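Shown next, in structure tokens, is the structure this report addresses.
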Amino acid sequence: MTLVPWEGNEQPRIWETDAGVLNSIGLENIGVAVAIREKAPLWATWKVPVIVNIAGHTVDEYIEVARMVDPVEGIAAIEVNISCPNLERGSLEFGTSAVTAARLTSAVRTVTTLPLIVKLSPNVTDIVEIATAVAASGADALCVINTLRGTAIDVERRRFRLGRPAGGLSGPAIKPVALHMVHRVAHAVDIPVIGCGGICRWRDALEFIMAGATAVQVGTATFTDPDSMISIIDGIEAYVRQCDVADLGEIRGIL
Amino acid sequence: MYKSTMHVLHHERVGIDTFLLIAGAPEVARESRPGQFVMVRCGELPLRRPISVHASSEGSIALLYRAVGDGTTWLSSIEQGQSLDITGPLGNGYSLPDGNGRVVLVAGGMGIAPLCFLAARLAASHEVILVHGARTAAELYEVPGALCEMVSETRALRGLRWIRATDDGSNGACGSALDLALPHLEQADYAYLCGPHGMCVAAHDRVANTIDITRQSGGLYCSPKVRELLCAAQVSLEVRMGCGVGACYACSIPTVQGRRKVCADGPVFRFGDVLWEGICT
């Protein structure tokens, strides 16, 4: 969510690729004030913790959003989005430099005591450099990775498939890239890493855990199958029983 | 909304690349209303495909779709006896008109699919005129026998007044569904539209009166009565969707009330509320 409502990007906003999905949503959202007023009371009744993803064009916007959500009942943690590829300014700009990523993390840290997760971009030269800088600036956890920048073209109409030249690629197509980055980051920082990128099945989730992830996120797979997260949890449970794993910590980061 | 397995009872090609699929899905069939859609999982493709409900009764739903891309081409290969993973019914559906009166349904191309469901449901209570336009004769729709046999409500479709038009004049009148519908809209109490973006933009041009005034004699004039009727008409939209349930914002469109999601707030909108110039396909 952002300080004021965002309209998002022009249509078309989504295009399916081989084993993946390109999106150009542009963080359309109702804004932090309306979300707190109209959505958070419902979240407070849920049995699961709700993590809000925040974004902005400037450091001050991130700070203000974090300050507003900090005391709200029903919000368990903040994920700072410094990696959205679909904005003309803000977000990804903060995530492509270790200096700006660290500065933003420190600034948000000063206004909230909620667990602070920073979601990193794969569209960088060295994700480890940024991860270590963010970890040293007060982040409680890292989320690795956001979407990869990508393009698709309609050769008949000679146009981009999305309303903009580029969007963010998610889904199974990016899993090996995400797994590699999780592996590198998890071994370089002392804070938990949330693995993300193309996880569809329980085996995918276990790969990320063995690569060093403490938790995983599932996005695109829920479009394919709304029950995918339940299947992943059930599959992990069956695996640990079958393989006599008493705690996922036994297999976390073993590679 | 249900996530269910539907069993294919009948699947036939009814046009060049158009298919009719009838499947047993009792919960979805019971709850489906005209204008709603289902999301169909197509093999291992990441995105489900939104397909409007064409007919529904006796525990079965019918889907009428055109095989145009990877998903619908995969779907067209499914055979009777196989199962499909669907979620639905989704979306708001059409509001049914009050009382009785004359209803004109304007369908362009595959827009006939949801409007047949509506027409069948209104047949007993309203005077229904169904105007269907297509590019060429082979793309016009004749209600298949299997549909009438397996989904009894659709039998009423054959008793309705159909007006058919083709862009190339190969069957019915030469022209667009909208052109042919105009004189009937003059006498109508309610109007419903579903068709390609171009048809909606053409209707919008009339409503907004942005057409060249000098072309009035060419049949492009739109009377105040028709303009008012079109503004209040219910239109079903098709844009590329992600989740189908309002979570991802991929299908968000601009309206006079602000951004709205076609999957969850629509797919049916008041025609005059949609900011057509802000929608590209």
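Computed from a predicted model, the values in this text were never measured in an experiment. Below, read A as the first sequence line, B as the second, and so on, with proteins coming before strands; counting in each chain starts at 1.
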Tell me, for [X] versus chain A, whether the close heavy atoms (under 4.5 Å) come from the side chain, the backbone, both or neither.
X	value
B:Arg41	side chain
B:Cys42	neither
B:Met39	neither

| said: A:Thr224 vs B:Arg48, test: side-chain contact (heavy atoms from CB on, under 4.5 Å). Steps then yes/no. | reply: CA-CA 6 Å; A:Thr224 317; B:Arg48 287 168 180 253; 5.8 Å; no

Under 4.5 Å heavy-atom distance to chain B, tell me which part of [X] shows up: side chain, backbone, both or neither.
X	answer
A:Ala221	neither
A:Asp225	both
A:Glu10	neither

Quick check: do [X] and [Y] have side-chain heavy atoms less than 4.5 Å from each other?
X	Y	answer
B:Cys243	A:Thr222	no
B:Pro46	A:Phe223	no
A:Val21	B:Leu47	yes

With rounding to the nearest 0.5 angstrom, report the [atom1] to [atom2] distance, [X] to [Y].
X	Y	atom1	atom2	result
A:Asp227	B:Thr87	CG	OG1	10.0 Å
B:Arg259	A:Asn29	CZ	CG	12.0 Å
B:Tyr249	A:Ile30	OH	CD1	6.0 Å
A:Arg13	B:Met241	CZ	CE	13.5 Å

| note | Here the pair of heavy atoms bringing B:Ala250 nearest to A:Ile25 is CA-CD1, 3.4 Å

| request: State, to 0.1 Å, how close B:Cys251 and A:Gln11 come at their nearest heavy-atom pair, and which atoms those are. | output: C-NE2, 3.4 Å

Within a radius of less than 6.0 Å around [atom1] of [X], do more than 12 heavy atoms belonging to other residues, nucleotides or ligands occur?
X	atom1	result
A:Glu73	CD	no
A:Asp154	CG	yes
B:Lys3	NZ	yes
B:Arg30	CZ	yes

| Under the 3.5 angstrom rule, does the side chain of B:Arg240 hit a backbone N or O of A:Ile14 as a donor-acceptor pair? | no

Quiz: residues 266-278 of chain B side-chain donor-acceptor pairs under 3.5 angstrom, not counting sequence neighbours:
residue  : atom : partner  : partner atom : Å
B:Arg270 : NH1  : B:Asp273 : OD1          : 3.1
B:Asp273 : OD2  : B:Gln257 : NE2          : 3.1
B:Trp276 : NE1  : B:Phe271 : O            : 3.4

| message | Apply side-chain contact (heavy atoms from CB on, under 4.5 Å) to residues A:Glu16 and B:Arg49 and explain how you reach the verdict. | response | CA-CA 11 Å; A:Glu16 187 179 79; B:Arg49 299 305 196 258; 2.7 Å; yes

